Each structure stands twice: as structure tokens, then as C-alpha cells.
Amino acid sequence: EAKRRGAGRVSLASAALIASADRQVHLEGQLREALAKDGLTLHFQPVVGVDGTVQTAEALVRWPHPDRGMLAPDAFLPVAEQGDLMRELDRWVLRTALREASTWPVPNGKPVAVAVNLSGLVPGDPDFVDAVSNAVAESGIAWDRVVLELVETALVDLPCKTMQQMDILVAKGVRFAVDDFGTGYSSLARLKDLPAQIIKVDRRFVSGVGNDPSDFAVARAVVDMARAMGRSCVAEGVETATQFHVLHGVGVDAYQGWLFSRPVPPREFRAVLALGPLHVPRAG
Ligand code: C2E
Ligand code: MG
Ligand code: MG
Ligand code: MG
């Protein structure tokens with residue numbers, strides 16, 4: 001009797017496993033199709049200078065899923081990873097983001113740069129330089145409007161060939177950003193050799209800068225180091241005026257977060273740009 005119940009439980013468990021594997025395969029198929037048919041979409045989030053001027057916009061991928069509504073990257077990037085679709089997804093985002101950037105208004109005389117996250121199509125890939133170059137050529141935007149964001153973990157222990165690929169693009173004006181800085185394992189010594197012009201302080205350190213002494217210490221150390229190495233420093237996930245003031249106090253160069261704007265669809269982003277600088281909270 002107990003044995004039979006046990007057996008039943010096992011087959012129930014494996015049924016659930018099969019169902020979830022099925023769902024995964026199904027989702028992967030849908031994602032493949034979405035990629036092939038322009039079924040993904042990009043939202044753009046401004047990165048602003050101390051005066052509220054939009055300097056850059058980060059492209060963040062979304063999937064308007066037929067039955068599940070708008071899916072955030074967390075919900076489908078692992079599926080892309082699993083299904084070996086990450087390179088193709090990055091390619092699509094790169095092309096689409098640069099093309100979109102070519103339509104942005106230039107109200108202040110200085111065109112806004114576009115930042116693209118790369119996790120599949122990364123330096124070291126034999127196709128990397130060509131893929132970026134083709135996307136730039138296709139869009140017609142200037143090289144120096146392109147920022148490529150790579151996570152710290154992708155940047156540990158770079159072979160020489162990989163650095164050379166980065167150097168080729170940097171020589172044309174492309175900038176590289178180390179994303180989520182502080183969460184990976186790359187040593188400061190490595191960072192010194194890296195052709196990355198921008199350091200993005202991860203949200204988890206930004207959130208505590210106003211009240212957690214160790215978060216404040218990390219943020220200040222990263223900014224000091226960035227400055228000493230001649231890099232520019234962006235804080236991500238800035239949600240409150242207090243965070244902004246503290247970060248400004250330690251010398252952060254640019255700010256990204258809900259305090260200024262959520263990531264918004266392309267049309268809305270063009271409207272944001274047309275309005276001019278974003279509101280910056282006053283000190284005090
Ligand atoms: P990330 O590159 O660090 O992007 C910043 C994330 O923080 C975004 O989440 C953004 O919506 C969110 N964020 C921005 N400001 C605030 C804020 O003030 N408060 C809070 N709580 N969150 C804020 P999102 O769009 O869900 O993207 C998550 C991650 O997925 C990204 O982290 C990036 O690693 C990855 N990702 C997004 N789009 C792409 C893409 O097109 N290609 C690749 N390869 N990865 C992407
Ligand atoms: Mg990013
Ligand atoms: Mg980040
Ligand atoms: Mg982050």
C-alpha cells in the first residue's frame with residue numbers, strides 16, 4: 001500500500017518535471033520565433049549627467065508574450081541561454097537599438113549615445129568586430145555614440161586576442177562599460193588593463209549609500225578608483241534624491257534610475273529627449 005503510494009508520488013513528480021521541461025521547450029520555440037519575426041521590443045532608460053542632460057540611453061529588452069503579457073529579461077534570458085539563442089538575441093538588440101538611436105532628436109546639439117548589453121555576442125567571438133561594425137554601418141550613427149556593456153564576470157582573464165578586438169572598436173570611438181561593477185570577481189589590477197572607459201556601480205551598492213556605511217564605502221572606493229584610472233563612473237538604480245546627493249558628493253559622473261526615468265518604449269523615449277534635460281533634485 002505504502003509502496004504503491006510512493007510509486008504514485010514518483011510518477012507524479014516526473015510528470016511535473018516533464019510538464020516543466022515541455023513548457024521550457026515550448027517557450028524556447030516561441031522565443032526563437034519571436035527573434036526571427038521582430039517579436040521582441042526594446043525599452044530605453046536615460047543615463048543623465050549632474051545637470052539632468054541625457055547623455056546615454058540603455059536599451060533593455062522586453063518580450064511582449066502573446067499569453068503572458070510583457071516579459072522582463074529575467075523571465076526569458078535564461079531560456080535564451082539554455083536554447084543557445086543568446087548570440088542571436090544580442091545581435092538583434094544591437095541592430096535594433098542602433099537603428100532606433102538614429103531617429104532620436106538632438107535638442108542640445110550633442111547626440112545621445114546608446115548602450116547595449118551583450119552577454120552572448122562578446123569580445124573574443126570571431127564575429128564580434130564584424131557584427132558591431134555592420135550594426136553601426138547599417139544604422140548610420142557615429143561610432144562614438146555606441147556603448148557596449150559587459151558584465152564583470154565576462155571580463156576576468158581576457159586573452160590577448162579578445163583585448164585586441166576591443167581595442168579595434170575603441171580606436172573607432174566605441175566605449176565599453178563594465179556593468180554591475182562590484183558583483184563579480186575581477187580584481188582591480190585586471191581593471192587597470194581593461195579597455196573599458198565606463199564603470200557602472202551595481203544597484204545593490206547604490207541602494208544603501210544613504211544609510212549603510214559599507215555600501216557608501218564601496219561606492220566611494222569605486223568612484224575614487226575609476227577617477228584614478230581615468231574612467232567615468234555611472235551609478236545604476238538611483239531611486240531617491242538622497243542617493244543622488246550622496247553619489248554626487250563622492251563624484252559620480254552620471255546617473256541612471258527611477259528617480260529620473262523608468263525604462264520607456266521608443267516613442268516615449270523620443271518624447272523625453274525632445275523635452276530637454278530631466279529634473280534634478282536640489283540639494284538640501
Ligand atoms: P542591467 O544591465 O544592470 O540593467 C539595469 C536593470 O535595472 C534593468 O532591469 C532596469 O530596468 C533596472 N533598473 C533601472 N533603474 C532602476 C531603479 O531605479 N530601481 C530598480 N529597482 N531597478 C532599476 P531589466 O530591464 O529587468 O534588465 C535586467 C538585466 O537583464 C539587465 O541588467 C541586463 O543584465 C539584462 N538585459 C536587459 N536587456 C538585455 C539585452 O538586451 N541583452 C542582454 N544580453 N541582456 C539584457
Ligand atoms: Mg546594463
Ligand atoms: Mg547594470
Ligand atoms: Mg545591475
Side-chain angles (χ1 to χ4, degrees), residues 31 34-35 38-48 54 56-64 69-101 113-123 125 128 131-132 135 146-155 175-184 196 198-210 219 222 233-244 247 252 254-266 268-269 278 281:
L31 182 57
L35 262 171
D38 268 351
L40 300 180
T41 187
L42 295 179
H43 285 185
F44 292 89
Q45 185 178 36
V47 179
V48 305
V54 181
T56 305
E58 180 173 5
L60 294 159
V61 70
R62 304 287 182 260
W63 183 10
M70 193 66 90
L71 294 183
D74 295 356
F76 64 92
L77 291 186
V79 177
E81 204 83 60
Q82 202 82 51
D84 213 8
L85 293 169
M86 218 45 234
R87 281 174 86 235
E88 208 186 321
L89 186 137
D90 282 355
R91 256 175 217 286
W92 182 88
V93 172
L94 188 63
R95 278 203 314 269
T96 310
L98 268 53
R99 197 190 313 129
E100 183 59 34
V114 58
V116 175
N117 295 284
L118 297 178
S119 41
L121 181 77
V122 292
D125 187 307
F128 179 69
V132 175
V146 179
V147 176
L148 302 175
E149 298 194 3
L150 301 166
V151 290
E152 200 184 340
T153 41
L155 295 170
R175 283 167 292 164
F176 286 92
V178 185
D179 206 349
D180 301 344
F181 188 80
T183 63
I198 301 164
I199 291 169
K200 295 189 83 171
V201 188
D202 193 68
R203 179 165 83 232
R204 79 189 65 177
F205 304 112
V206 167
S207 65
V209 286
V222 171
C233 188
V234 178
E236 57 178 27
V238 183
E239 295 181 351
T240 69
T242 303
Q243 289 165 355
F244 171 73
L247 293 163
V252 166
Y255 307 81
Q256 177 178 4
W258 298 347
L259 177 64
F260 298 99
S261 168
R262 300 238 170 192
V264 294
E268 209 176 310
F269 181 70
L278 297 180

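What you see is a predicted model, and the numbers here were worked out from it, not measured in a lab. Counting convention: from 1, in listed order, for ligands and their atoms alike.
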| query | Is there a heavy atom in His43 that sits closer than 4.0 Å to ligand 1? | reply | no
| said: Checking contacts here: is it the side chain or the backbone of Asp202 that comes within 4.0 Å of ligand 1, counting heavy atoms only? Could be both or neither. | reply: neither
| task | Drop me the distance from Arg203's CZ to Glu239's CD, to the nearest 0.5 angstrom. | result | 7.5 Å
| said: Could you go through Val61 and Phe76, starting from their C-alpha distance and side-chain angles, then the distance that decides it, and tell me whether this counts as side-chain contact (heavy atoms from CB on, under 4.5 Å)? | reply: CA-CA 10 Å; Val61 70; Phe76 64 92; 3.8 Å; yes
| From Leu89 atom CG to Leu94 atom CG, the distance as rounded to the nearest 0.5 Å | 11.0 Å
| Separation of Met70 CE from Arg62 CZ (nearest 0.5 Å) | 8.0 Å
| field | Close side-chain approach of Leu60 and Asn117, heavy atoms under 4.5 Å | value | yes
| query | Under 2.8 Å from the Mg ion (ligand 2), how many protein N/O/S atoms can be counted? | reply | 4
| note | Looking only at non-hydrogen atoms, the one of Leu40, Leu60, Leu77 nearest atom 46 (C) of ligand 1 is Leu77
| request: Measure the CD-CD distance between Glu236 and Gln45 for me, rounded to the nearest 0.5 Å. | output: 9.0 Å
| request: Only heavy atoms count here, so choose which of Leu94, Asp90, Thr183, Val61 is nearest to atom 38 (N) of ligand 1. | output: Val61
| Glu236 neighbourhood, listing ligand 1 atoms whose heavy-atom distance to it stays under 4.0 Å | 3 (O)
| field | Any Gln45 heavy atom less than 4.0 Å from ligand 1 | value | yes
| Those atoms of ligand 1 less than 4.0 Å from some heavy atom in Met86 | 44 (N)
Per-pair distances, 0.1 Å, donor-acceptor, side chain in residues 78-86, under 3.5 Å, sequence neighbours excluded:
none

| Residue Val93 vicinity, atoms of ligand 1 by number, heavy atom under 4.0 Å | 41 (O)
| query | Would you say Arg62 has any N or O atom under 3.5 Å from an N or O of ligand 1, going by distance alone? | reply | yes
| message | I'd like to check whether Ser119 has a polar contact with ligand 1, where a contact means an N/O of the residue lying under 3.5 Å from an N/O of the ligand. | response | yes
| Quick one: CZ on Arg87 to CG on Leu118, what's the gap to the nearest 0.5 Å? | 11.5 Å
| remark: Here the atoms of ligand 1 under 4.0 Å from any heavy atom belonging to Gly257 are 15 (N), 18 (O)
| note | Taking every heavy atom of Pro46 against every heavy atom of Phe269, the minimum-distance pair comes out as CG-CE1, 4.1 Å
| message | According to side-chain contact (heavy atoms from CB on, under 4.5 Å), who are the partners of Val151, at least two apart in sequence or on a separate chain? | response | Thr153, Ala154, Asp179, Asp180
| request: Examine the proximity of ligand 1 to Arg203 and report which part, side chain or backbone, both or neither, has a heavy atom under 4.0 Å away. | output: side chain
| field | Within-shell test, Glu58 vs ligand 1, heavy atom, strictly < 4.0 Å | value | yes
| Less than 3.5 Å between some nitrogen or oxygen of Leu42 and one of ligand 1, yes or no? | no
| said: Can you name the atoms of ligand 1, numbered from 1 with element, that are less than 4.0 Å from a heavy atom of Pro263? | reply: 11 (O)
| task | Name all residues meeting the ring-ring contact (aromatic ring centres under 6.0 Å, His included) criterion together with Phe205; count only those two or more places apart in sequence or in a different chain, and write none if there are none. | result | none
| query | Using the ring of each side chain (for Trp, its six-membered ring), is Phe260 parallel, tilted or perpendicular to Tyr255, with breaks at 30° and 60°? | reply | tilted
| To the nearest 0.5 Å, how far apart are CG in Asp38 and CZ in Arg95? | 8.0 Å
